[in-house]
Amino acid sequence: MPGDSRELKIRGWVKTKRDMKKTVFVDLNDGSCLRSIQCTFDQSLTPDAAAILSPLGTGASVEITGRLVPSPAPGQEVEIAASSIRLVGDAPGEEKNGIPPYPLQKKRHSLEFLREIPQLRGRTNTLGAVMRVRSALAFAVHRFFHDRGYQYLHTPVITGHDAEGAGAMFRVTTLDMTATKGAAAYAGDFFGGESFLTVSGQLEAETYATALSRVYTFGPAFRAENSSTPRHLAEFWMIEPETAFFDLTGNMDLAEDFLHWCLGTILDECGEDLEFFNDRIEPGLIGTLRSVQASPFARISYTDAMAELEKAWTRHGSFEFKPRWGCDLQSEHEKFLTEEVIRGPVIVTGYPKEIKAFYMKLNEDGKTVRAMDVLVPRLGEIIGGSEREENLEVLMRRMEELGIKEDRYNWYLDLRRYGTVPHSGFGLGFERLVQYITGMANIRDVIPYPRAAGQLY
Ligand code: 4AD
Ligand code: MG
């Protein structure tokens, strides 16, 4: 309480220091929230502190003892009337003993520059705010599913199958690659066959959804996609709920409720950080999140979406890729649909089977599958999901058409052999959701250590 005469100790990193004749002001931040607390040192009362303070710069870690008092300064209710300071770790502003100066001096740094120092960028306002929102969001995800009776399932990171059939997998091996030739060599590998990092925990989640009814995963996924876009990472986190006895409509409703919940929770819990993003990163962000959180998502079939795109193409021909039924939506198409046609999030359903994964349930038309992608303005696809093919013959036929070897997926086919049920699920890219909520333009700035093609650090 301000005015309390007891002394308290606070610890953190110096954000700024201002040396006025009589008083030294230190803004201290420990990363627990955006705002720093001002600590004032009356030079006449704390002469010892002056010696410690005079060489101190941004980034130094200190322990400050003082009393919490009402602050006369505008914009802050309280401050610390400091009585002493202890230097914990220096961060010299100039080269010292061969150590280069602390790179985060008090000025605005570009996000590109900060990407070069992931080990330090968490101390900036922007990355600090992103990581707090990310953490709050992770808890919100668990609360959402826990409250709805979903069991949290840990699916393997190392796997032998390509769940998405997209072929962008990282190989895992203990073999000496300089001596390894051909696929046959993998028989001698650690697992007795080829193994990879998982692209999705979905197939394993399906097996447990047909045991526990409702499960979700929240773990890392790996894709060796060579696309260096602001929306792709080689290592990202995915949330994949899977629900038994659930059709595509139930799945869409769940996805919509889930996104509404995430937005509502962050609006409630991370107000200060969101205001920062609203002011500095994406003007209008909070208003948009509020209105999205309060409205149902539009739903449109792929065929109708394509018709809109084709109309736009005929009118102004303004896309790089000509929209055509049967082709996947390019990000420019997703942008146009969400920003120009719908002006908000939209769930697109019923994609042609050729552009979707083998496990999706075939519609009666024999051409489209019960897929659902949730697209949002600025980012495009944020969720991809579907009702799964629960009919053994239909699934096996589809696998054969695609040249997927049955022996690799025998375990998965067992779900359709024994007690098969309609079931559905989706995958949400966690970083894309963090991007959507914070307004951050580049996915590399919403994960502590981004991994992307050509960039490990
Ligand atoms: O649409 P995707 O590929 O779907 C699946 O993996 C399904 N197994 C999900 C399921 O039905 N259980 O990926 C799901 C989401 C995408 O919508 C996107 O948000 C995100 O994962 N995603 C990526 N995020 C970052 N970097 C990448 N390279 C991503 N690839 C997909
Ligand atoms: Mg997808």
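We count ligands from 1, going down the list as the structure has it; atoms in each ligand are counted the same way. The chain is numbered in sequence order, starting from 1.
Take the Mg ion (ligand 2) and draw a sphere of radius 2.8 Å; the protein N/O/S atoms inside it number 1.
Residue Phe190 places its CZ atom among 12 or fewer non-hydrogen atoms of other residues, nucleotides or ligands, all under 6.0 Å distant.
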Quiz: residues 409-419 side-chain donor-acceptor pairs under 3.5 angstrom, not counting sequence neighbours:
unit_1	atom_1	unit_2	atom_2	d
Tyr409	OH	Asp162	N	3.3
Tyr409	OH	Asp162	O	3.2
Asn410	OD1	Arg417	NH1	3.0
Asn410	OD1	Arg417	NH2	2.8
Trp411	NE1	Arg408	O	3.0
Tyr412	OH	Glu206	OE1	2.9
Tyr412	OH	Glu206	OE2	2.7
Tyr412	OH	Arg416	NH2	3.1
Asp414	OD1	Arg417	NH1	2.9
Arg416	NE	Glu389	O	2.8
Arg416	NH1	Tyr412	O	3.4
Arg416	NH2	Glu206	OE1	2.9
Arg416	NH2	Glu389	O	3.1
Arg417	NH1	Asn410	O	3.2

Could you tabulate the donor-acceptor pairs under 3.5 Å formed by side-chain atoms of residues 280-292, not counting sequence neighbours?
unit_1	atom_1	unit_2	atom_2	d
Thr288	OG1	Gly284	O	3.0
Ser291	OG	Thr288	O	3.3

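For the pair Arg231/Glu431, no side-chain contact is recorded, criterion being any heavy-atom separation below 4.5 Å from C-beta on.
Using modelled atom types, one finds a donor on one side chain and an acceptor on the other under 3.5 Å when comparing Asp365 with Thr368.
Pocket lining of ligand 1, defined as residues with a non-hydrogen atom under 4.0 Å away: Glu164, Ser200, Gln202, Arg223, Glu225, Arg231, His232, Leu233, Phe236, Met238, Glu240, Tyr359, Glu381, Ile382, Ile383, Gly384, Gly385, Arg388, Gly425, Phe426, Gly427, Gly429, Arg432, Ile443.
Classified by interplanar angle (parallel below 30°, tilted 30° to 60°, perpendicular above 60°), the ring pair His333/Phe319 is perpendicular. Taking the six-membered ring for Trp and thresholds of 30 and 60 degrees, Phe145 and Phe258 have ring planes inclined between 30 and 60 degrees apart. Taking the six-membered ring where tryptophan is involved, the planes of His260 and Phe297 are perpendicular, since the angle between them exceeds 60° and thus also 30°.
Applying side chain to side chain donor-acceptor pair (under 3.5 Å) to Lys361 and the options Glu387, His423, Glu390 leaves one that passes, Glu390.
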